[in-house]
Protein chains: 2
Amino acid sequence: MNQGASGIELGTSLGYLMKEVASALRAAMEAVLRPLGMSVTHYSCLELLAQRPGLSNSELARGTFVTRQAMNVLLQALEADGLVTRSAQPASGRALPTQLTAAGRAQLATASAAVKGVEDRMKSHLSPKDQDALRAMLSTCAASLRA
Amino acid sequence: MNQGASGIELGTSLGYLMKEVASALRAAMEAVLRPLGMSVTHYSCLELLAQRPGLSNSELARGTFVTRQAMNVLLQALEADGLVTRSAQPASGRALPTQLTAAGRAQLATASAAVKGVEDRMKSHLSPKDQDALRAMLSTCAASLRA
DNA sequence: TCCAGTATGTCAGAATATTGACATGAATCA
DNA sequence: TGATTCATGTCAATATTCTGACATACTGGA
């Protein structure tokens with residue numbers, strides 16, 4: 001009697017569960033990254049850049065799920081700290097390719113190991129088959145939401 | 001060769017996928033709630049309050065995954081708009097029970113239907129059995145992260 | 001009883017992200 | 001060619017959330 005016929009049952013809502021896991025994951029990541037002096041977005045940017053060197057500001061923003069304005073502020077800080085470098089001249093259009101420096105790679109190495117520990121803990125009670133199934137369903141959900 | 005042995009493979013990382021779905025879900029919710037003049041947290045608070053009347057500020061904060069300070073700011077706005085009422089006297093301790101007003105319930109009804117549409121779209125390509133499996137695995141992940 | 005530990009509400013300041021806006025460069029098309 | 005549309009980088013203002021801090025209220029044990 002607590003919710004109407006068209007309401008959402010929080011206890012069984014996939015959306016609520018998704019938010020719960022995402023929130024717990026973010027909190028766990030913050031807990032291990034804070035001692036390293038990094039935020040989640042900070043780490044995400046470096047990780048993305050390590051796997052896809054040369055990404056532009058806008059591409060990094062999309063890959064880390066923030067606006068390009070927010071990523072721009074972050075990139076300026078990362079560049080000032082000597083963790084990344086941005087080309088002075090655009091290779092094409094206005095996009096400025098970004099690369100990790102040696103210092104950036106070094107900082108990332110520590111953070112990446114810590115974050116991997118968190119992710120391992122998250123899936124510690126899932127069998128490899130379960131993990132594959134979860135991956136597939138999450139991809140399906142993401143695709144459905146984009147449509 | 002893009003990442004070290006202990007690195008995270010973004011393309012297959014459950015954590016990254018989770019963030020992707022949560023981000024897409026939040027964006028979709030914002031898209032339908034904005035025309036109604038509500039934010040996601042605003043909606044979440046009303047929904048939680050409808051299903052569990054009398055929750056305190058701190059309990060609402062935990063249920064919507066924000067700090068109690070942020071929820072406090074939101075509750076003051078909701079109260080000023082006549083959507084909720086807070087007891088003047090704590091029933092026990094310092095916790096002040098909160099209730100939805102008729103106006104709050106009315107606003108929630110519209111929003112809840114819109115959000116249900118988003119959630120339905122998200123799971124539109126999952127069978128009922130898949131949905132149960134996804135729920136179970138997400139619960140497992142949340143429990144593992146809390147531990 | 002007293003005290004340490006925990007939970008809550010709330011204020012203030014700082015950090016972070018978002019929306020809005022504008023100029024620039026490329027691509028598409030009539 | 002010229003015009004339109006789209007993507008990008010960036011600045012400014014706003015909004016939202018968080019961290020830090022403090023007082024208050026309950027709880028459990030010495």
Side-chain angles (χ1 to χ4, degrees), chain A residues 19 22-24 26-31 33-46 48-49 52 54-81 84-99, chain B residues 19 22-24 26-31 33-35 37-45 48-49 52 54-81 84-99:
Chain A
K19 190 170 178 177
S23 173
R26 187 178 187 87
M29 286 176 66
E30 281 173 349
L33 289 175
R34 179 177 301 276
L36 303 175
M38 306 173 67
S39 71
V40 173
T41 309
H42 177 141
Y43 156 76
S44 300
C45 178
L46 295 187
L48 195 51
L49 220 35
R52 311 201 33 196
L55 249 43
S56 71
N57 175 47
S58 286
E59 291 169 324
L60 286 168
R62 280 193 293 271
T64 56
F65 312 105
V66 297
T67 62
R68 66 185 196 274
Q69 291 91 330
M71 180 53 66
N72 193 19
V73 172
L74 175 61
L75 273 186
Q76 287 175 3
L78 294 180
E79 190 171 21
D81 289 347
V84 307
T85 57
R86 305 187 71 184
S87 307
Q89 297 298 330
S92 144
R94 300 192 66 192
L96 301 173
T98 308
Q99 273 91 22
Chain B
K19 190 170 178 179
S23 173
R26 186 178 188 89
M29 287 176 67
E30 281 173 348
L33 289 175
R34 179 177 301 276
M38 307 173 68
S39 71
V40 173
T41 309
H42 177 142
Y43 156 75
S44 301
C45 177
L48 195 52
L49 221 34
R52 315 210 18 205
L55 249 43
S56 71
N57 175 46
S58 286
E59 291 169 324
L60 287 167
R62 279 192 294 270
T64 56
F65 312 105
V66 297
T67 62
R68 65 185 197 273
Q69 291 90 332
M71 180 54 66
N72 195 17
V73 172
L74 175 61
L75 273 186
Q76 288 175 2
L78 293 181
E79 190 170 21
D81 289 348
V84 307
T85 56
R86 307 188 70 183
S87 306
Q89 296 298 331
S92 143
R94 299 192 68 193
L96 302 173
T98 309
Q99 274 90 22

K.L.:
Distance from A:Leu33 atom CG to A:Arg26 atom CZ, nearest 0.5 Å?
P.N.:
10.0 Å
K.L.:
Give the rounded distance in Å between these two atoms: CE of A:Met71 and P of C:dT16.
P.N.:
13 Å
K.L.:
Quick one: pull up CZ in A:Arg86 and CD in A:Gln76 and give me the separation to the nearest 0.5 Å.
P.N.:
7.5 Å
K.L.:
Side-chain N or O of A:Ser58 less than 4.0 angstrom from OP1 or OP2 on D:dA7?
P.N.:
no
K.L.:
Under the side chain to side chain contact (heavy atoms under 4.5 Å, CB included) test against B:Cys45, which residue among B:Asn57, B:Leu74, B:Leu55, B:Val66 passes?
P.N.:
B:Leu74
K.L.:
Taking for each residue the nucleotide of DNA chain D with the nearest heavy atom, is it A:Glu30 or A:Arg68 whose nucleotide lies nearer the 5' end?
P.N.:
A:Arg68
K.L.:
What is the distance from CZ of A:Arg26 to P of D:dT17, rounded to the nearest Å?
P.N.:
13 Å
K.L.:
To the nearest 0.5 angstrom, please state how far the OG atom of B:Ser56 sits from the CZ atom of B:Arg94.
P.N.:
12.0 Å
K.L.:
D:dG9 base to A:Gln76 side chain: any donor-acceptor pair below 3.5 Å?
P.N.:
no
K.L.:
Tell me: CG of A:Leu78 to C1' of C:dT16, nearest whole Å?
P.N.:
14 Å
K.L.:
Please report, rounded to the nearest Å, how far the C1' atom of D:dT24 is from the CD atom of B:Gln89.
P.N.:
14 Å
K.L.:
Looking at every strand, decide which applies to A:Ser56 at a 4.0 Å heavy-atom threshold: base, sugar-phosphate, or nothing.
P.N.:
sugar-phosphate
K.L.:
Give the nucleotide from the list D:dT10, D:dG9, D:dA21 with an atom nearest to the side chain of A:Gln69.
P.N.:
D:dT10
K.L.:
Roughly how many Å is it from CG in B:Leu33 to P in D:dT16, rounded to a whole number?
P.N.:
14 Å
K.L.:
For A:Thr41, which contact category applies under a 4.0 Å heavy-atom criterion: base, sugar-phosphate, or nothing?
P.N.:
sugar-phosphate
K.L.:
Which distance, rounded to the nearest 0.5 Å, do you find between the NE2 of B:His42 and the CG of B:Asp81?
P.N.:
7.0 Å
K.L.:
Counting only side-chain nitrogens and oxygens, does A:Asn72 get under 4.0 Å of the OP1 or OP2 atom of D:dT10?
P.N.:
yes
K.L.:
How many Å lie between CG on B:Leu75 and P on C:dT8, as a whole number?
P.N.:
14 Å
K.L.:
Answer with yes or no whether A:Arg62 presents, from its side chain, a donor or acceptor under 3.5 Å of a partner atom in the base of D:dA7.
P.N.:
no
K.L.:
Applying a 4.0 Å non-hydrogen cut-off, can you work out what B:Leu96 is touching in the nucleic acid: base, sugar-phosphate, or nothing?
P.N.:
sugar-phosphate
K.L.:
When you check the phosphate oxygens OP1 and OP2 of D:dT8, does a side-chain N or O of A:Asn57 lie under 4.0 Å from one of them?
P.N.:
no
K.L.:
Take atom CG of A:Leu74 and atom P of C:dT18, then tell me their distance rounded to the nearest Å.
P.N.:
12 Å
K.L.:
Got a donor-acceptor pair under 3.5 Å from the side chain of B:Arg94 to the base of C:dA7?
P.N.:
no
K.L.:
For A:Ala70, which contact category applies under a 4.0 Å heavy-atom criterion: base, sugar-phosphate, or nothing?
P.N.:
base
K.L.:
For B:Pro90 and for A:Arg86, locate the closest nucleotide of DNA chain D by heavy-atom distance; then report the residue assigned to the nucleotide nearer the 5' terminus.
P.N.:
A:Arg86
